[in-house]
Amino acid sequence: MRFLIVPIAFAAALMAAAPASAQQRLSLADRVAILEQRSADNRVGMDLLNQVSELREEVRALRAQVEELQQQNEQLRASNRTQYLDLDGRLNRLEGNLPAAPVEGAAPVPQASAAPAAPAPADSAPRVHGDPGLLANTAGERAAYEKAFDALKSGDYVASADLFLAFLQAYPEGVYAPNARYWLGESYYVTQNYELARDQFQALVERYPTHDKTPGALLKVGLSLYGLRDLERAEATLAEVVERFPGTDAARTAEDRLHAIRLARVAR
């Protein structure tokens, strides 16, 4: 009986050891899988770190480009301001010796102690269509006109405005009426009464569309609007001068002023 119990116990021990060995093998396999997963995770982590480093370098490069572009933009704006102030000053001297319009952010321009006198306006006898002897019958009208024009040439713009206004009331349809209306507008314009000036120049354009003063009058409508800071209408009117009267002095001045307006817009 003793001999039978021993083999049976040995067999039972072997059967009990087999599952433990299987469990140990599974445990080792799991451990290897875990290690492989960790290794893979480490590789992914390194890839991510490399990508982050590359992105940081790209960001640094882009920031450097942005800073360079900002510097170039500032230099361009400064150049545009300088060009605008130079062009605006020259145009104002041509248009009646008015002070240059300020540009926001620009350095102040020093003013001379005494501004030079505006050039004396030039005038010519009005063109008369029809009877050539009509001018000979306008001695009183001519005298009144010359008195007003002499005040304008002397720089007494208040007096010239009053005299031209009185002339137009006395001779509303006179031979010199278009010229008188133009110089009345000019008397207002040089004293920066832009709204009154615009009204006179506009009336001349509407009443005498073919008169030789009309191109200059339409130009002064645009410049008066510019003086009133109505830039949209000023730009449209100056463009109309260029379109309607190409090749004239008025068109060339209008083109220069349009260029100045556009430079000012870029310089802001």
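For the single chain, residues carry numbers from 1 onward in sequence order. What you see is a predicted model; the values in this text were computed from it and never measured.
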Please answer whether the main-chain N or O of [Y] pairs with a side-chain N or O of [X] as donor and acceptor at a distance below 3.5 Å.
| X | Y | value |
| --- | --- | --- |
| Ser154 | Ala151 | yes |
| Thr214 | Tyr208 | yes |
| Arg181 | Phe201 | no |
| Glu141 | Tyr176 | yes |

Give, for atom [atom1] of [X] and atom [atom2] of [Y], the distance between the pair rounded to the nearest 0.5 Å.
| X | Y | atom1 | atom2 | value |
| --- | --- | --- | --- | --- |
| Glu146 | Asp150 | CD | CG | 7.0 Å |
| Leu218 | Gln202 | CG | CD | 7.5 Å |
| Asp230 | Glu195 | CG | CD | 10.5 Å |
| Leu219 | Phe245 | CG | CZ | 10.5 Å |
| Glu232 | Ile261 | CD | CD1 | 11.5 Å |
| Leu231 | Tyr226 | CG | OH | 7.0 Å |

> Applying the 4.5 Å side-chain criterion to the ILVMFWY set and letting contacts propagate, would Val190 and Leu163 be lumped into a single cluster?
Replying inline: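 No; tracing contacts between hydrophobic side chains, which count when under 4.5 Å, never links both residues.
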> What's the verdict on side chain to side chain contact (heavy atoms under 4.5 Å, CB included) for Phe167 and Lys147, showing C-alpha distance, side-chain angles and the deciding distance?
Replying inline: CA-CA 10 Å; Phe167 175 92; Lys147 182 179 180 181; over 6 Å; no
[X] side chain near [Y] side chain, heavy-atom distance below 4.5 Å:
| X | Y | result |
| --- | --- | --- |
| Arg244 | Val205 | yes |
| Asn179 | His211 | yes |
| Tyr189 | Gln200 | no |
| Tyr194 | Arg229 | no |

For [X] and [Y], work out which heavy atoms get closest and say how close.
| X | Y | result |
| --- | --- | --- |
| Pro215 | Ala250 | O-CB, 3.6 Å |
| Leu168 | Ala180 | CD2-CB, 4.0 Å |
| Ala161 | Leu184 | O-CD1, 3.3 Å |
| Gly222 | Ala234 | O-CB, 3.5 Å |
| Ala148 | Ser160 | O-CB, 3.7 Å |
| Leu204 | Pro178 | CD1-O, 3.1 Å |

> So Tyr188 and Lys220, side chain to side chain contact (heavy atoms under 4.5 Å, CB included) or not? Walk me through it.
Replying inline: CA-CA 11 Å; Tyr188 290 139; Lys220 285 301 178 71; over 6 Å; no
> Any side-chain donor-acceptor pair under 3.5 Å between Asn193 and Thr191?
Replying inline: yes
>> Determine whether Leu225 and Val221 satisfy the following criterion, side chain to side chain contact (heavy atoms under 4.5 Å, CB included), listing intermediate values before the conclusion.
In response: CA-CA 6 Å; Leu225 290 168; Val221 171; 4.2 Å; yes
> Does the pair Leu165 and Gln169 meet the rule for a side chain to side chain contact (heavy atoms under 4.5 Å, CB included), with working shown?
Replying inline: CA-CA 6 Å; Leu165 189 60; Gln169 291 171 348; 4.1 Å; yes
>> Angle between ring planes, Tyr145 versus Phe149, binned at 30° and 60°: parallel, tilted or perpendicular?
In response: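 Rings of Tyr145 and Phe149: parallel, as their planes differ by under 30°.
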